Amino acid sequence: MTDFPTPTATPPAAPAPYRRRWPALAVILAGSVMEMLDSTVTSIAGPTIRAELGGGTSLIQWLGVAYALAMTAGLLVGGRLGDIAGRKRMFLIGAGGFVAGSLLCAIATGPEMAIAARAMQGLFGVCMIPQGSAC
């Protein structure tokens, strides 16, 4: 019979868990909730937005479509940008741009500016949402 030598080295210790994982989860979830709420806000506040900006009936549709089109058209690109540039960086860029787009929506002086700001929100949402899903 052959005796096999037993290893004498101890296995490496498991790495310590990420200390800030719960605050990071809270930030990622807040970003996801912010995006979900923003995708439905125009259907709820549409009549008020239309009355204040003076747009036609198609304004409400364009506000929703501009956001959804920008979001869905670039979703794969946003995920790939997170792979290339880093998920944390892209999430922060997306969140900052999303907030800036929200500010532009709030100070919009006309229908065109509101639609462009909604498209901007969708494009920056593309940078933010896939990063939270990838974690």
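Note that the structure is a prediction, hence the values are computed from the model and not measured.
Of the possible polar contacts, none joining the Gln61 side chain to the Thr57 backbone as a donor-acceptor pair under 3.5 Å is found. The backbone N or O of Ala70 sits nowhere less than 3.5 Å from a side-chain atom of Gln121 that would complete a donor-acceptor pair. Judged purely by atom type and a 3.5 angstrom limit, Arg118 uses its side chain to pair as donor or acceptor with the backbone of Leu63.
Between Phe98 and Glu35, the closest heavy-atom pair is CZ-CA, 4.1 Å. The minimum heavy-atom distance linking Gly78 with Pro130 is given by the pair C-CG, 4.1 Å. For the residue pair Cys127 and Gly94, the shortest heavy atom distance occurs at CB-CA, 3.7 Å. For the pair Thr109 and Leu53, the tightest heavy-atom approach, listed with the atom from each and the gap, is C-CD2, 4.1 Å. Closest approach of Cys105 to Ala114, counting heavy atoms only: SG-O, 4.1 Å.
In the hydrophobic cluster analysis, where Ile, Leu, Val, Met, Phe, Trp and Tyr join through side-chain heavy atoms closer than 4.5 angstrom, Leu104 is grouped apart from Leu69. Met34 and Val126 fall within the same hydrophobic cluster, defined by Ile, Leu, Val, Met, Phe, Trp and Tyr side-chain heavy atoms under 4.5 Å apart, directly or through other members. Linking Ile, Leu, Val, Met, Phe, Trp and Tyr whenever their side-chain heavy atoms come within less than 4.5 Å puts Ile93 and Met120 in one cluster. Under the 4.5 Å side-chain heavy-atom criterion for Ile, Leu, Val, Met, Phe, Trp and Tyr, Phe124 and Met36 are members of distinct hydrophobic clusters. Hydrophobic cluster membership is shared by Leu75 and Phe91, with clusters built from Ile, Leu, Val, Met, Phe, Trp and Tyr side chains linked at under 4.5 angstrom.
One finds the CG atom of Asp83 at 10.5 Å from the CE atom of Met90 (value rounded to the nearest 0.5 Å). Here Thr42 contributes atom OG1 and Arg50 contributes atom CZ; the two are 14.0 Å apart, rounded to the nearest 0.5 Å. Put simply, OG1 on Thr48 and CD1 on Ile60 are 9.0 Å apart, with the number rounded to the nearest 0.5 Å. Atom-to-atom distance recorded for Leu81:CG and Arg89:CZ is 11.5 Å, nearest 0.5 angstrom.
Residues Ile115 and Val65 form no side-chain contact, since every pair of their non-hydrogen atoms from C-beta on lies 4.5 Å or further apart. Counting heavy atoms from C-beta outward, Asp38 and Tyr67 have side chains that approach closer than 4.5 Å.
More than 12 heavy-atom neighbours from other residues, nucleotides or ligands sit within 6.0 angstrom of CE on Met113. Within 6.0 Å of the CG atom in Leu76, the count of heavy atoms belonging to other residues, nucleotides or ligands does not exceed 12.
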